[in-house]
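All remarks here apply to the structure that follows.
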Amino acid sequence: MRGWLSFVVLAGIVVTSAHLAPAQTSLPPSSQPATSQNQPSPGPMALQVRGEFLHSWNAYKQYAWGHDELTPLSQDHHDWYSAPLLMTPVDALDTMLMMGLTDEATKTRDLIAKNLSFDRDIEVKNFEITIRLLGGLLSSYQLSGDARLLELAENLGNRLLPVFNSPTGMPYMYVNLKTGKTRGAESNPAEIGTLLLEFGTLSKLTGKPIYYDKAKRALVELYSRRSAIGLVGSAINVETGKWTDTTSHISGGIDSYYEYLLKSWLLFDDVDCKKMWESSIKSINKYLADTTHGGLWYGQADMNTGKRISTQYGALDAFFPAVLARSGDIDRARRLQESSYKMWTAFGIEPEMIDYSTMKVLSPAYQLRPEIIESAYYLSYYTRDPRYQEMGSTFLLGLVRYCKTDAGYAALSDVEKKTKRDRMESYFLAETLKYLYLLFAPRETLNLNKVVFNTEAHPLRRTW
Ligand code: DMJ
């Protein structure tokens, strides 16, 4: 079997097979891949996206190899902490595997296995490290069978565990990877409730329940502090369990908490998560949905009274059509995606935040975010309506026109002036280009009903 031309189906994901080195394969026999002769051809648009991925990845290799991120304008690198944790390679690896970039993936696995160490005296953000690194290591392990990635994931999981040692069981925001010292009692639902897919998968793959149990308890503790009308706020103290900001919304700081209620049910068959999702979505649709400003939007309300606080919506909120579609609510998903698209097309590319009652920009940056593209992919998958690939062409056009640089892609500091910012976040390769690729690739490239993407677009599969 040879590179791009040979495919295997890994319980729902079609990937090339050349990277499945037998010596490093440690998946149980029941989850070993079955060879498929039905090789899907990516098609011209997907190939163009793959070209944009390579343009960005090659720039990372040239200017930032071994570091966390490429800085595209200065053609240099940026590390999050005093020691690099290979954020971009770990985040980008499963995209390479899914795009069939076998040689790149093999070199990247070797880089990670040889150079990534978590034995560092650095204080890291638990949420970001979990969704990007733990999620990336686990999904790439499942796709490649490379046992070195699972070893790294387990090592990282053990170093993150101290975050849960708070009086409520809800995690602190920061932990020192070497000493286990924690900090940051003031947290939010997203940072508390976006851990179960990764920690739970680690439990299933290692046979050690501790990771699942700790992350599940955090989720349940958070849910149990919802208001009488079923909403959560924006900030909570994990030591006292008291809310310190009662503003409720589906935006950054809360967003992926809801996503993980739904997806933890789907990935683990966890009926508690099913119940928590089902009661939460009723409250979200009752108090946060807003149809009074042309189309469907979701704004902000007080978690206790349900009173509307503001009509803000932004690039991060645009993940919600994907979640609605995955839950089966195609009607709301379609309507909300039209609103997100209006936000994108008003400026040629989307701002971080608008007021949907006036369509005025509240926060002008575009940080190469994936959410609107993720939602287009889910809707395209479930409805087969060409409308969403048309949206995808608009997104690709805007990205190439406004964000492409000689060395990768750059965020924008202002979508109205189209001024660039010297930053290419690792999620651009993990999420933005992955979802864009999948949107244009043949539908059978991935069986969305058998795969659960974590919030950083790392595909997880039930191999247990
Ligand atoms: C990513 O790290 C994740 O998608 C997270 O849930 C939200 N922010 C970025 C992308 O915008």
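For ligands, and for the atoms within them, numbers begin at 1 and follow the listed sequence.
Using the six-membered ring where Trp is involved, Tyr382 and Tyr378 have ring planes that are tilted, between 30° and 60° apart.
No close placement of the Tyr366 and Tyr402 rings is indicated, their centers lying 6.0 Å or farther apart. Here the two rings, on Tyr257 and Tyr223, have centers that are 6.0 Å apart or farther. The aromatic ring centroids of Trp277 and Tyr258 lie 6.0 Å or more from each other.
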Does ligand 1 have any N/O pairs with the protein under 3.5 Å, and how far apart?
| from | atom 1 | to | atom 2 | distance (Å) |
| --- | --- | --- | --- | --- |
| ligand 1 | 2 (O) | Glu456 | OE1 | 2.6 |
| ligand 1 | 4 (O) | Glu431 | OE1 | 3.3 |
| ligand 1 | 4 (O) | Glu431 | OE2 | 2.8 |
| ligand 1 | 4 (O) | Thr455 | O | 2.7 |
| ligand 1 | 6 (O) | Thr455 | OG1 | 2.8 |
| ligand 1 | 11 (O) | Arg369 | NH1 | 2.7 |
| ligand 1 | 11 (O) | Glu371 | OE1 | 3.4 |
| ligand 1 | 11 (O) | Glu371 | OE2 | 2.8 |

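Contacts of Tyr287 classified as ring pair (Phe, Tyr, Trp, His ring centres under 6.0 Å), with partners at least two apart in sequence or in another chain: none.
Counting heavy atoms from C-beta on, the side chains of Val124 and Leu160 come closer than 4.5 Å.
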